[in-house]
Amino acid sequence: MIKPISDRQRPWTIVRFLENSKTHTVAHFANRQDADDHLRVLHRVMPNAEFKIVFEPPQE
């Protein structure tokens, strides 16, 4: 049986910046390359939106 991957095992996160200094988590990824690839697609679909990739190491 395959176990689902928890968000702690996917430390690369794409966040979107909104008005009033708010952010929205878009997605979590296990590696940086997947996050970069997804970010390229987001920029094509939403060219005026501001996104950033951040690394959130697991806190245990």
Side-chain angles (χ1 to χ4, degrees):
M1 180 176 177
I2 298 174
K3 293 182 182 179
I5 297 175
S6 71
D7 283 344
R8 289 185 309 167
Q9 293 173 327
R10 296 182 281 176
W12 294 100
T13 304
I14 296 178
V15 293
R16 179 179 178 195
F17 295 99
L18 304 171
E19 300 87 26
N20 300 328
S21 300
K22 294 181 181 180
T23 61
H24 175 74
T25 300
V26 177
H28 295 278
F29 299 92
N31 61 61
R32 176 66 191 242
Q33 184 61 50
D34 288 347
D36 286 333
D37 293 343
H38 193 83
L39 185 61
R40 276 193 287 281
V41 171
L42 287 171
H43 280 300
R44 279 189 225 134
V45 176
M46 304 171 71
N48 296 328
E50 186 177 348
F51 298 96
K52 183 167 184 159
I53 297 175
V54 281
F55 181 76
E56 297 181 23
Q59 297 178 2
E60 298 187 29

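Here, residue 1 is the first one in the sequence, and each next residue gets the next number.
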*Asks:* If only atom types and distance count, is the side chain of Asn20 paired as donor or acceptor with the main-chain N or O of Lys22 below 3.5 Å?
*Replies:* no
*Asks:* Any chain of hydrophobic side-chain contacts (each under 4.5 Å) joining Val26 to Val45?
*Replies:* yes
*Asks:* Could you measure the distance from the NE2 atom of His38 to the CD atom of Gln33? Nearest 0.5 Å is fine.
*Replies:* 13.5 Å
*Asks:* Enter the distance from Phe51:CZ to Phe17:CZ here, rounded to the nearest 0.5 Å.
*Replies:* 10.5 Å
*Asks:* Would you please name every residue forming a salt bridge (Lys or Arg N to Asp or Glu O under 4.0 Å) with Arg16, sequence neighbours left out?
*Replies:* none
*Asks:* Which heavy atom of Ala30 sits nearest to which heavy atom of Pro11, and what is that distance?
*Replies:* O-CD, 4.2 Å
*Asks:* Just verifying a value: how many Å separate Phe29 CZ and Ile53 CD1, rounded to the nearest 0.5 Å?
*Replies:* 8.0 Å
*Asks:* Roughly how far, to the nearest 0.5 Å, is the CD1 atom of Ile14 from the NE2 atom of His24?
*Replies:* 11.0 Å
